[in-house]
Amino acid sequence: MSSHIESARLANSLAELDQLTNWERRPRGDMRVDLEPMRDLARRLGDPQNSFRIVHVAGTKGKGSTCALIEAGLARAGFSVGRYASPHVMHITERVSIHGRPVGEERLADALGAALSAFKDARREATAGQGATWFDILTVSALLIFSMERVEWAVLETGLGGRWDSTNIVQSDVAVITNIDLEHTEILGKTRAAIAFEKAGIIKPGAAVVTLLPEADEAGAVVSARAAELGCALRRPTVPADATIEQRNVAVAGAVLDVLGKMGVMTKGASAMAEPLGEQLLDPSTIATARLPGRLEKIAVDTSHGDNAKVNVVLDGAHVPFNLAAVLSDLSQEAKYRAPCIAVVSIADDKDAAGLLSTMTRHDISIIFTTVGARSRSPEELKTIADTLGLLSIVMIDPLEAYQEALAGATESGAWVLVTGSLYLVGIIRAA
């Protein structure tokens with residue numbers, strides 16, 4: 001789904017990489033439970049993950065935005081910072097940021113070339129690395145880039161779960177678990193407690209732990225127990241019950257910076273006295289620099305038709321019911337999003353479509369179902385579910401036509417447009 005790649009070397013490396021197992025693109029029921037392939041590749045590349053300090057972030061939702069906020073806070077404190085994220089919205093280089101910007105294509109090509117070469121050596125020597133996946137090779141490439149760029153801190157977002165995630169070969173200073181909801185239950189477990197156990201796998205002895213999960217919550221109890229078992233200090237920022245998604249993410253990122261300050265990490269830079277890191281680093285302008293594409297992204301689209309020449313459009317890749325519910329609730333606090341809504345929706349076949357759609361029944365939403373590739377649930381099937389829930393919907397297979405139809409409908413009726421259900425869909429619409 002990424003937009004055009006200029007570098008021939010990067011295109012070739014990615015073509016080679018695409019022949020490997022890509023968990024993001026295939027049924028998720030048969031994932032490996034072993035970090036040895038990752039450890040083998042990292043060893044062959046000089047264990048790059050040991051050359052910088054790390055904040056490691058897991059959770060069902062909010063990981064990406066929380067990582068971006070922690071990155072922005074560390075950068076404001078004067079550190080050189082790398083961030084590893086997934087999936088990308090527009091271009092694969094978004095997955096690896098250096099100093100707050102996506103890495104250059106040639107730099108990514110260098111690292112992928114080295115990682116693929118280590119992978120081929122492992123195949124030739126029949127060591128654990130021969131079992132590496134697409135995500136393993138991309139992850140070890142990111143670690144290599146951070147080491148080559150001499151970053152002081154890296155903020156790593158887990159891809160899936162935690163305990164067996166490719167990122168989990170690292171020793172972090174702080175482990176963050178944003179929240180836990182039912183997702184990828186075929187791999188991570190059928191209860192929130194079981195999923196919390198997987199995510200708590202990123203907690204390492206001696207690291208500090210930050211989570212929003214309350215002690216009394218079944219998932220929160222699992223995280224507390226794991227932290228206690230490993231002798232880790234646990235920090236729970238307090239947020240009001242009606243806090244927005246952004247306020248929650250800022251509270252978590254602020255708590256991480258506070259914890260680092262208490263560990264003795266001081267700000268650097270010539271201009272001012274060094275002081276301990278803390279949530280004060282997240283001032284409004286720093287928060288604004290950390291906004292990610294396709295996460296509650298608001299734009300006004302000029303359609304130059306009739307009285308309603310501007311249509312308010314929100315792009316959000318929410319694909320878990322509780323996240324979509326939070327997105328809709330945050331938006332309804334602004335008058336312009338209280339009008340009726342036309343949603344352009346695609347949902348992957350391993351997501352809880354009925355749950356996502358029932359969330360929409362609480363709002364005045366009509367839907368255009370579309371598709372973005374092999375892993376999308378059939379739009380006709382989605383329409384059947386919507387019918388049973390009493391939601392008004394139509395099907396348009398081409399996502400760009402679906403979006404144009406939504407804009408036309410909104411121009412006529414004064415509605416606003418929401419593009420949601422899939423970050424890949426958001427990427428296609430953004431590119432257009």
Beyond-backbone contact of I5 with E105, side-chain heavy atoms, under 4.5 angstrom: yes
K204 side chain to N168 side chain, donor-acceptor N/O pair below 3.5 angstrom: yes
Point-to-point distance, once rounded to the nearest 0.5 Å, from OG of S97 to CZ of F146: 7.0 Å
Polar side-chain atom of E405 near backbone of M396 as donor-acceptor pair, under 3.5 Å: no
Any side-chain heavy-atom pair of L143 and T167 under 4.5 Å: no
Contacts of F322 that satisfy ring pair (Phe, Tyr, Trp, His ring centres under 6.0 Å) - sequence neighbours left out: none
Check: N50 main-chain N/O paired with D47 side-chain donor or acceptor under 3.5 Å: no
Interatomic distance, R150 atom CZ to I98 atom CD1 [nearest 0.5 angstrom]: 12.5 Å
Candidate list V57, T60, V223, test side-chain contact (heavy atoms from CB on, under 4.5 Å), partner K199, passing option: T60
Validation row: S378, T371 side chains within 4.5 angstrom (heavy atoms): no
Closest contact, heavy atoms only, L356 versus A318: CD2-O, 4.4 Å
Which residues share a side-chain hydrogen bond (donor to acceptor under 3.5 Å, both in side chains) with D40, sequence neighbours left out: R44, T127
Derivation of the side-chain contact (heavy atoms from CB on, under 4.5 Å) call for E401 and T370: CA-CA 9 Å; E401 284 174 17; T370 188; over 6 Å; no
No-hydrogen, no-angle side-chain donor-acceptor test under 3.5 Å, D316 and T420: no
side-chain contact (heavy atoms from CB on, under 4.5 Å) partner of H56, chosen from D173, V176, I203, T158: T158
T388 side chain vs I385 backbone, donor-acceptor pair below 3.5 Å: yes
Heavy-atom closest contact (V372 atom, S422 atom, distance): CG2-OG, 4.0 Å
L69 vs I287, side-chain contact (heavy atoms from CB on, under 4.5 Å): CA-CA, chis, key distance, verdict: CA-CA 6 Å; L69 285 160; I287 292 170; 4.1 Å; yes
L292 side chain near V89 side chain, heavy-atom distance below 4.5 Å: no
Close side-chain approach of V151 to F79, heavy-atom, < 4.5 Å: no
Residues forming a salt bridge (charged side-chain N to carboxylate O under 4.0 Å, His left out) with D283, sequence neighbours excluded: R76
Exam field: side chain D165 to backbone L160, donor-acceptor pair closer than 3.5 Å: yes
Contact check, side chains of P379 and I397, non-hydrogen atoms, under 4.5 Å: yes
Check: T93 main-chain N/O paired with H91 side-chain donor or acceptor under 3.5 Å: yes
Any residue meeting side-chain hydrogen bond (donor to acceptor under 3.5 Å, both in side chains) with D387, in chain and number order, not counting sequence neighbours: K383
Side-chain donor/acceptor of T178 to backbone N/O of K63, under 3.5 Å: no
Salt bridge (charged side-chain N to carboxylate O under 4.0 Å, His left out) partners of E334, counting only residues at least two apart: K298
What pairs of donor and acceptor atoms, side-chain ones from residues 107-114 against any protein atom, are under 3.5 angstrom apart with sequence neighbours left out?
residue : atom : partner : partner atom : Å
R107    : NE   : E149    : OE2          : 3.0
D110    : OD1  : R9      : NH2          : 2.5

E198 side-chain N/O to I195 backbone N/O, donor-acceptor pair under 3.5 Å: no
Validation row: V140, M38 side chains within 4.5 angstrom (heavy atoms): yes
Nearest-0.5 Å distance that lies between atom CG in D398 and atom CD1 in I428: 8.5 Å
Which residues share a salt bridge (charged side-chain N to carboxylate O under 4.0 Å, His left out) with E229, sequence neighbours left out: R226
Donor-acceptor under 3.5 Å (D330 side chain, I245 main chain): yes
Verdict with supporting geometry, E218 and T191, side-chain contact (heavy atoms from CB on, under 4.5 Å): CA-CA 9 Å; E218 65 166 311; T191 63; 4.3 Å; yes
Selection residues 236-256 - residue pairs positive for salt bridge (Lys or Arg N to Asp or Glu O under 4.0 Å), sequence neighbours left out: E215-R236, E246-R291
Audit row: S346, Y424, side-chain hydrogen bond (donor to acceptor under 3.5 Å, both in side chains) steps and yes/no: CA-CA 9 Å; S346 169; Y424 290 111; over 6 Å; no
Can I get a per-line list of side-chain donor-acceptor pairs under 3.5 Å for residues 258-266, giving both atom names and the distance, sequence neighbours left out?
residue : atom : partner : partner atom : Å
D258    : OD1  : E279    : N            : 2.9
D258    : OD2  : R235    : NH2          : 3.3

Partner of S224 under side-chain contact (heavy atoms from CB on, under 4.5 Å), chosen from V209, T211, L234: L234
Qualifying residues under side-chain hydrogen bond (donor to acceptor under 3.5 Å, both in side chains), relative to R124, sequence neighbours excluded: D121
Polar side chain donor-acceptor pair, W164 to D34, under 3.5 angstrom: no
Nearest heavy atoms of L389 and S358, plus distance in Å: CD1-N, 3.7 Å
Trace of the side-chain contact (heavy atoms from CB on, under 4.5 Å) decision for F52 with S147: CA-CA 7 Å; F52 39 84; S147 164; 4.3 Å; yes
From Y84 atom OH to C67 atom SG, the distance as rounded to the nearest 0.5 Å: 11.5 Å
Main-chain N/O of S393 paired with S366 side-chain donor or acceptor, under 3.5 Å: no
Heavy-atom closest pair, residues L213 and R192: CD2-NH2, 3.7 Å
Which residues share a salt bridge (charged side-chain N to carboxylate O under 4.0 Å, His left out) with E71, sequence neighbours left out: R83
Atom of L382, atom of L357 and distance for their closest heavy-atom approach: O-CD1, 3.8 Å
For M90 against G427, the heavy-atom pair lying closest together: SD-O, 3.5 Å
Rounded distance (nearest 0.5 Å) linking atom CG of L156 with atom OG of S166: 11.5 Å
Minimum side-chain heavy-atom gap L328-Y337 below 4.5 Å: no
By side-chain hydrogen bond (donor to acceptor under 3.5 Å, both in side chains) - contacts of S7 (at least two apart): E106
Donor-acceptor under 3.5 Å (T289 side chain, T286 main chain): yes
